[in-house]
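Starting from 1, each residue takes its place in the sequence as its number.
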Amino acid sequence: MKKFLLALGVVLTFALLLGAAAYVLLFMEDPVQEGRGESISVAEKVSKPKNADVRDQAETQADILEMLDYETRKNRDTVGWLWVPGTQINNSVLQSYDNTVYLRQDERREYDLYGCYFVDYECSVGSREELSPNTIIYGHSDLKDNPDGPRFSQLYHFTDLDFARETPVIQFSTLDGFMYWEVFAVFYTELNDSFISPDPPEGIDRMAAAAMEKSLYDYGVAVGPQDHVLLLSTCTGSYGANDTSHRFVVLAKLLPEEAEIPTQAQLEVRTES
């Protein structure tokens, strides 16, 4: 009988120890991982997006929020998510202490000829109220103005009238909110301090008006002095392979939270006078 009770005690003790270990594995956080400076729970590991290092993951607002959370943990320079429907521009956006950091680095800080999408270092990024009047995002192109090329080469889809008409809205969102931006100008331009100023000295409305004058299309979208705009800028090969003074730009206006999201742009091709 004593032997039986002793054996039973050993079995119960082992069961208790096994249960405690299972509890720790299921509900406690992992210790801080080397080089990351943060702890990741088992639940977070399980819910990590599949193929999260592959581009074009986000298709819904829930996807964007999930990917932003994941990307922020992978790189603390992540400030937003940019999505241009109908293109492969569907990625996280970075921001650093100057504009050279991500020229040749991708989202994982690894060398990449085409870098990644990054916000001008002088811009304020956050909630709607915290945004600079002009939020500027840079990205490389292949200098062939090829809409099927890498990164911001895809912006050249806007030179196609049908695409421009069917793509009236861009989404640039942050962890502080989902934001829709209505396109109002698509144009080639020389480098201009006004266009790449987070707070244009002449006012955002006058900067926007100057852009509309250059635009390939007349979108008929009004931009007032209190509006916020999003500027996507990339290089162009239209002025010669050695030209470094011109850019291709897409400009869009932040829509109010309660605004109806347009499904088609009411644009006209602008004719030169």
Side-chain angles (χ1 to χ4, degrees), residues 25-30 33 36-96 102 106-109 115-119 123-132 135-139 150-152 154-155 157-158 163 166-183 227-232 250 252-265:
L25 287 173
L26 288 173
F27 299 104
M28 300 298 287
E29 289 189 336
D30 288 345
Q33 296 187 9
R36 292 198 54 186
E38 62 183 79
S39 55
I40 304 298
S41 68
V42 172
E44 285 176 309
K45 286 182 177 180
V46 171
S47 64
K48 184 180 74 173
K50 295 180 180 178
N51 300 322
D53 285 326
V54 178
R55 299 184 175 98
D56 304 333
Q57 293 296 302
E59 295 181 356
T60 66
Q61 288 189 350
D63 290 339
I64 290 173
L65 185 61
E66 183 180 14
M67 291 302 298
L68 264 177
D69 178 63
Y70 178 73
E71 291 296 321
T72 302
R73 295 201 307 270
K74 297 288 280 187
N75 188 335
R76 294 183 185 277
D77 285 344
T78 302
V79 295
W81 190 273
L82 178 64
W83 183 12
V84 180
T87 75
Q88 294 174 15
I89 301 170
N90 192 347
N91 299 84
S92 58
V93 179
L94 291 295
Q95 185 182 38
S96 192
Y102 287 105
D106 66 12
E107 295 87 349
R108 298 296 175 264
R109 298 178 183 270
C116 62
Y117 306 124
F118 60 95
V119 176
C123 287
S124 174
V125 182
S127 66
R128 289 170 171 266
E129 295 72 27
E130 294 171 321
L131 290 173
S132 296
T135 300
I136 306 151
I137 300 179
Y138 303 108
R151 294 294 184 176
F152 264 180
Q154 299 272 320
L155 290 179
H157 279 291
F158 279 100
F163 178 90
E166 297 300 322
T167 313
V169 171
I170 292 168
Q171 191 167 358
F172 174 63
S173 300
T174 72
L175 284 170
D176 296 296
F178 298 104
M179 303 178 204
Y180 291 93
W181 308 73
E182 185 175 12
V183 179
D227 281 323
H228 289 78
V229 304
L230 176 70
L231 185 149
L232 310 181
V250 175
K253 179 182 79 169
L254 180 62
L255 292 173
E257 289 184 271
E258 68 280 5
E260 182 177 349
I261 308 302
T263 58
Q264 190 172 69

Would E71 and R108 satisfy side-chain contact (heavy atoms from CB on, under 4.5 Å), going step by step from the backbone distance to the final call? CA-CA 9 Å; E71 291 296 321; R108 298 296 175 264; 2.9 Å; yes

Full working for side chain to side chain donor-acceptor pair (under 3.5 Å) between N90 and W81: CA-CA 7 Å; N90 192 347; W81 190 273; 2.8 Å; yes

Minimum heavy-atom distance between [X] and [Y], given as atom pair plus value:
{"X": "P168", "Y": "P262", "answer": "CG-O, 3.4 Å"}
{"X": "A252", "Y": "W181", "answer": "CB-CB, 3.6 Å"}
{"X": "V250", "Y": "L155", "answer": "CG2-CD2, 4.2 Å"}

Show your reasoning for whether side-chain contact (heavy atoms from CB on, under 4.5 Å) applies to L232 and I136. CA-CA 6 Å; L232 310 181; I136 306 151; over 6 Å; no

Using modelled atom types only, decide if a donor and an acceptor are shared between the side chain of S132 and the backbone of T135 within a distance under 3.5 Å.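 Checked: no pair found.
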
Test your reading of the model: is there a side-chain donor-acceptor pair from S124 to the backbone of E130, 3.5 Å cut-off?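 Side chain of S124 to backbone of E130: a pair is present.
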
If the condition is ring pair (Phe, Tyr, Trp, His ring centres under 6.0 Å), which residues does Y102 pass it with, not counting sequence neighbours?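 Expected list: none.
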
I'd like to check the ring pair (Phe, Tyr, Trp, His ring centres under 6.0 Å) partners of H157; sequence neighbours left out, ordered by chain and number.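 With sequence neighbours excluded, H157 shows a ring pair (Phe, Tyr, Trp, His ring centres under 6.0 Å) to F163, given in chain and number order.
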
What residues form a side-chain contact (heavy atoms from CB on, under 4.5 Å) with E257, not counting sequence neighbours?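 With sequence neighbours excluded, E257 shows a side-chain contact (heavy atoms from CB on, under 4.5 Å) to R128, given in chain and number order.
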
For Q264, look at atom CD and say whether over 12 heavy atoms of other residues, nucleotides or ligands are found less than 6.0 Å away.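 Yes, because the 6.0 Å sphere around CD of Q264 holds more than 12 heavy atoms from other groups.
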
Can you tell me how far the CD atom of Q88 sits from the CD atom of Q154, to the nearest 0.5 Å?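 Between Q88 CD and Q154 CD, I get 4.5 Å after rounding to 0.5 Å.
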
Spacing of CG belonging to L230 relative to CG belonging to L254, to within rounding of 0.5 Å: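 Answer for the CG-CG pair, L230 versus L254, is 9.0 Å.
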
Can you name the residues that form a side chain to side chain donor-acceptor pair (under 3.5 Å) with E129, not counting sequence neighbours?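 Listed in chain order: S127.
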
Evaluate the salt bridge (charged side-chain N to carboxylate O under 4.0 Å, His left out) criterion for residues R151 and E107: first the C-alpha distance (whole Å), next the side-chain angles of each, then the deciding distance (0.1 Å), finally the verdict. CA-CA 12 Å; R151 294 294 184 176; E107 295 87 349; 3.1 Å; yes

Can you check whether Y138 and Y117 have ring centres sitting under 6.0 Å from each other?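 Judged by ring-centre distance (under 6.0 Å), Y138 and Y117 do not meet the cut-off.
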
Which residues satisfy the salt bridge (charged side-chain N to carboxylate O under 4.0 Å, His left out) test with D77, sequence neighbours excluded?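 D77 satisfies salt bridge (charged side-chain N to carboxylate O under 4.0 Å, His left out) with R109 once adjacent residues are dropped.
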
Quiz: residues 170-180 side-chain donor-acceptor pairs under 3.5 angstrom, not counting sequence neighbours:
residue, atom, partner, partner atom, Å
Q171, NE2, S173, OG, 3.4
S173, OG, M179, N, 3.2
T174, OG1, G126, O, 2.9
T174, OG1, D176, N, 3.0
Y180, OH, Q61, NE2, 3.2

Before giving the answer on side-chain contact (heavy atoms from CB on, under 4.5 Å), spell out for F152 and I137 the whole-Å C-alpha distance, their side-chain angles and the decisive distance to 0.1 Å. CA-CA 10 Å; F152 264 180; I137 300 179; 4.0 Å; yes

